[in-house]
Protein chains: 2
Amino acid sequence: MDLSNNTIERICKIFGHLDALEKRGVDFVSSKELAGEIGATEYTIRKDISLLGGPGYTRKGYEVKSFKKELGEKFLLTKRRKACIVGLGRLGTALLDYENFQEDGFEIVAGFDCSVNKIERIRTSIDVFAVSRLEEIVEARDIELGIVAVPAESAQEVVDLLTKAGVKGILNFSPVKVNIPTHIVHLDMDFTNALRFIAARFIMKKT
Amino acid sequence: MDLSNNTIERICKIFGHLDALEKRGVDFVSSKELAGEIGATEYTIRKDISLLGGPGYTRKGYEVKSFKKELGEKFLLTKRRKACIVGLGRLGTALLDYENFQEDGFEIVAGFDCSVNKIERIRTSIDVFAVSRLEEIVEARDIELGIVAVPAESAQEVVDLLTKAGVKGILNFSPVKVNIPTHIVHLDMDFTNALRFIAARFIMKKT
DNA sequence: TTTTTTTAGTGAATTTATTCACAGATAATA
DNA sequence: TATTATCTGTGAATAAATTCACTAAAAAAA
Ligand SMILES: NC(=O)c1ccc[n+]([C@@H]2O[C@H](COP(=O)([O-])OP(=O)(O)OC[C@H]3O[C@@H](n4cnc5c(N)ncnc54)[C@H](O)[C@@H]3O)[C@@H](O)[C@H]2O)c1
Ligand SMILES: NC(=O)c1ccc[n+]([C@@H]2O[C@H](COP(=O)([O-])OP(=O)(O)OC[C@H]3O[C@@H](n4cnc5c(N)ncnc54)[C@H](O)[C@@H]3O)[C@@H](O)[C@H]2O)c1
């Protein structure tokens, strides 16, 4: 299948919202409600969903449980995925113990840092290693995702390591553009850019 | 002016890249190079820039220094903006001491938490307060941006407080959809969703 | 000096994304 | 039971975003 990034992003949000609804014991949800929740129109949502063929029911909407299951299967979002965090500084250690990842199907199974001191001092239930063992551990533990939380100047180096180790996706928190081979899916989370975006919209706002 | 979100986002990235180039002492940059750096085509970049009327020079490109200055002025990105962080847990404290914000023109001038214990224990150069003083401090210090790093269940409450206090923008790190009045610019940073997006693209990728 | 190459700027063409409009279905209501 | 209101699904229309194609300018090379 061949969905646009916009559609994939919305689908992910829908999945998250279905999860919340399921936990709240809600049985059905309409495209209108989903739209409000994820910031889109009901038309767009229905188009998105129609691409996946999910069945909706007249005057009821979509059945939360089965729809979530369907999305989970189609996108393999129910498959538990293993991830590692590289760089166990302030941000990295916060991420290491972020329980939501676990709940949402992402298992942080290893942390890496170049500082042996740091590794010894960290108190966490997750295994932490010297970054020199990254390749070995990523392979041994079938890690698919790498989360980069090292300083900007080390980011490329770490990305290269992760690439070599064979991860399939990278989430980059360092505020630099890193070179990542196209066969690896990646996303940058740049907080400064987020603040700039907000500030720029103070002035230039389109609705 | 009335720019699309896509354009604004690219402009912010361009601004960031110009900043990096300036620090590296580079004088000119072409649309092609910018395009490669921020993940767009040279055509799109030129269209974006043409909307702002920035002058480019034949066979040289854009003059880094003056172009950055121009963008900074047009979008008020050079204006230093004051921000506060609400919720000084693992993520909040990491953000509190993130020096890049400072460098990039965002000044974290206050932190808030509901736990008095926590406030007393925190070691940072930034002033921290009980959340009950939020409104007072936001007004007194002219804080324009609120960064939300409290647990999901407190997010709406904190957003309401920030709204009441009169911030102009909110960056939300809690993984829930909060209700924010339309006159406030806001952006959600949902890490789980980011990982889901990456995972979904393992399967459904469009280029 | 002349030619070639590189680059911006921009209207037109194309592609992509969103929204509309309405048929079909069914639950709720009268 | 008949009617009304609500919801999906989808082709058509519209809108938006991107890409193309070409002009003009000027630096570099010949
Ligand atoms: N702190 C924040 O709130 C924050 C916010 C946004 C972005 N970031 C970005 O996230 C990254 C980490 O920020 P931080 O504040 O946690 O930094 P930090 O300095 O606290 O931690 C960085 C860690 O990376 C380790 N490291 C350095 N080079 C390494 C390498 N080659 N291999 C493995 N480990 C290595 C260091 O030993 C250190 O433990 C930075 O790129 C920063 O710009 C941080
Ligand atoms: N830890 C992470 O790496 C991470 C990653 C992504 C998202 N998040 C999100 O960021 C938020 C914070 O995460 P965390 O791990 O730092 O949590 P945390 O529990 O470590 O910290 C939350 C802090 O918020 C404070 N707080 C609670 N209610 C408050 C209120 N009404 N007003 C002011 N302060 C209040 C608490 O006292 C605590 O200090 C959560 O919503 C979490 O889902 C965290």
Side-chain angles (χ1 to χ4, degrees), chain A residues 1-14 17-18 21 26-68 70-71 74 197 200-201 204-207, chain B residues 1-14 17-18 21 26-68 70-71 74 197 200-201 204-207:
Chain A
M1 213 176 306
D2 202 40
L3 306 177
S4 74
N5 279 349
N6 282 0
T7 295
I8 295 180
E9 205 178 323
R10 284 189 297 262
I11 296 281
C12 289
K13 285 185 189 163
I14 290 173
H17 189 57
L18 289 174
L21 288 173
V26 177
D27 289 332
F28 286 90
V29 64
S30 70
S31 57
K32 209 172 189 169
E33 198 185 322
L34 284 172
E37 207 62 36
I38 73 164
T41 68
E42 52 175 316
Y43 316 115
T44 304
I45 297 296
R46 288 210 295 275
K47 261 273 157 33
D48 286 343
I49 293 177
S50 79
L51 297 170
L52 306 165
Y57 301 99
T58 297
R59 254 191 89 102
K60 284 175 135 183
Y62 304 91
E63 213 236 315
V64 172
K65 219 172 155 140
S66 64
F67 187 31
K68 186 194 150 196
E70 194 206 343
L71 284 185
K74 282 234 171 80
F197 182 73
R201 280 208 303 196
M204 319 267 156
K205 62 187 144 199
K206 177 160 187 183
T207 316
Chain B
M1 211 176 307
D2 202 38
L3 306 177
S4 74
N5 280 348
N6 283 358
T7 294
I8 296 180
E9 206 179 322
R10 282 190 298 262
I11 296 281
C12 289
K13 285 185 190 165
I14 289 173
H17 189 57
L18 289 173
L21 288 173
V26 177
D27 290 332
F28 287 90
V29 64
S30 70
S31 57
K32 210 171 190 171
E33 197 185 323
L34 284 172
E37 207 61 37
I38 74 163
T41 68
E42 52 177 314
Y43 315 116
T44 305
I45 297 297
R46 288 210 296 273
K47 261 272 157 35
D48 286 343
I49 293 176
S50 80
L51 297 169
L52 306 165
Y57 301 98
T58 295
R59 253 192 89 100
K60 283 175 135 184
Y62 305 92
E63 214 235 315
V64 172
K65 219 171 156 142
S66 65
F67 187 32
K68 186 194 151 194
E70 195 207 343
L71 284 186
K74 283 234 171 80
F197 182 73
R201 280 210 302 198
M204 319 267 154
K205 61 187 142 201
K206 175 161 187 179
T207 317

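Lettering of chains follows the sequences in order, A, B, ..., and the numbering in each one begins at 1. The figures that follow rest on heavy atoms only: side chains count, while hydrogens, waters and symmetry mates do not. Keep in mind it's a predicted model, so treat the numbers as computed, not measured.
Each of A:Thr58 and B:Lys60 lies near DNA chain D, and the nucleotide nearest A:Thr58 is the one positioned closer to the 5' end. Toward the 5' end of DNA chain C, the nearer of the two residues B:Gly56 and A:Ala40, judged by each one's closest nucleotide, is B:Gly56.
One atom, OH of A:Tyr57, and another, P of C:dA27, lie 11 Å apart when rounded to the nearest Å. As a whole-Å value, the separation of A:Asn6 CG from C:dT15 C1' is 14 Å. We find that CG of A:Asn5 is positioned 14 Å from C1' of D:dA17, with the value rounded to whole Å. Regarding A:Phe67, its CZ atom lies at a distance of 13 Å from the C1' atom of D:dG9, rounded to whole Å. A:Phe28 places its CZ atom 13 Å from the P atom of C:dT26, with the value rounded to the nearest Å. Atom CD1 of A:Ile45 and atom P of C:dC20 are 15 Å apart (whole Å). Atom-to-atom, CD of B:Glu42 to C1' of C:dG9 comes out at 12 Å; the value is rounded to the nearest Å. Remark: C1' of C:dA17 and CG of A:Leu3 are 13 Å apart, rounded to the nearest angstrom.
Closest contact between the side chain of A:Ser30 and the listed nucleotides D:dT19, C:dT26, D:dT8 involves D:dT8. Candidate nucleotides C:dA8, C:dT19, D:dT19 were compared by shortest atom distance to the side chain of A:Tyr43, and C:dT19 ranks first. Which of C:dT10, D:dG9, D:dT6 sits closest to the side chain of B:Arg46 comes down to C:dT10.
A donor-acceptor contact under 3.5 Å links the side chain of B:Arg59 to the base of C:dT5.
Look at A:Thr44 and you'll find a side-chain N or O under 4.0 angstrom from OP1 or OP2 of C:dT19. Residue A:Ser4 places at least one side-chain N or O closer than 4.0 Å to OP1 or OP2 of C:dA17.
Within the 4.5 Å cutoff, no side-chain heavy atoms of A:Lys13 are placed close to those of A:His17. Between B:Thr44 and B:Asn6 there is no side-chain heavy-atom pair separated by less than 4.5 Å. B:Ile14 has its side chain out of reach of B:Glu37: every pair of non-hydrogen atoms, C-beta onward, lies at least 4.5 Å apart. Between B:Tyr62 and B:Leu18 there is no side-chain heavy-atom pair separated by less than 4.5 Å.
Within the 3.5 Å criterion, the main-chain N or O of A:Phe28 finds no donor-acceptor partner in the side chain of A:Lys60.
As judged by a 4.0 angstrom heavy-atom cut-off over every strand, A:Ser31 is placed among residues touching the sugar-phosphate backbone only. Using a 4.0 Å heavy-atom cutoff across all strands shown, B:Lys47 reaches at least one base atom of the nucleic acid.
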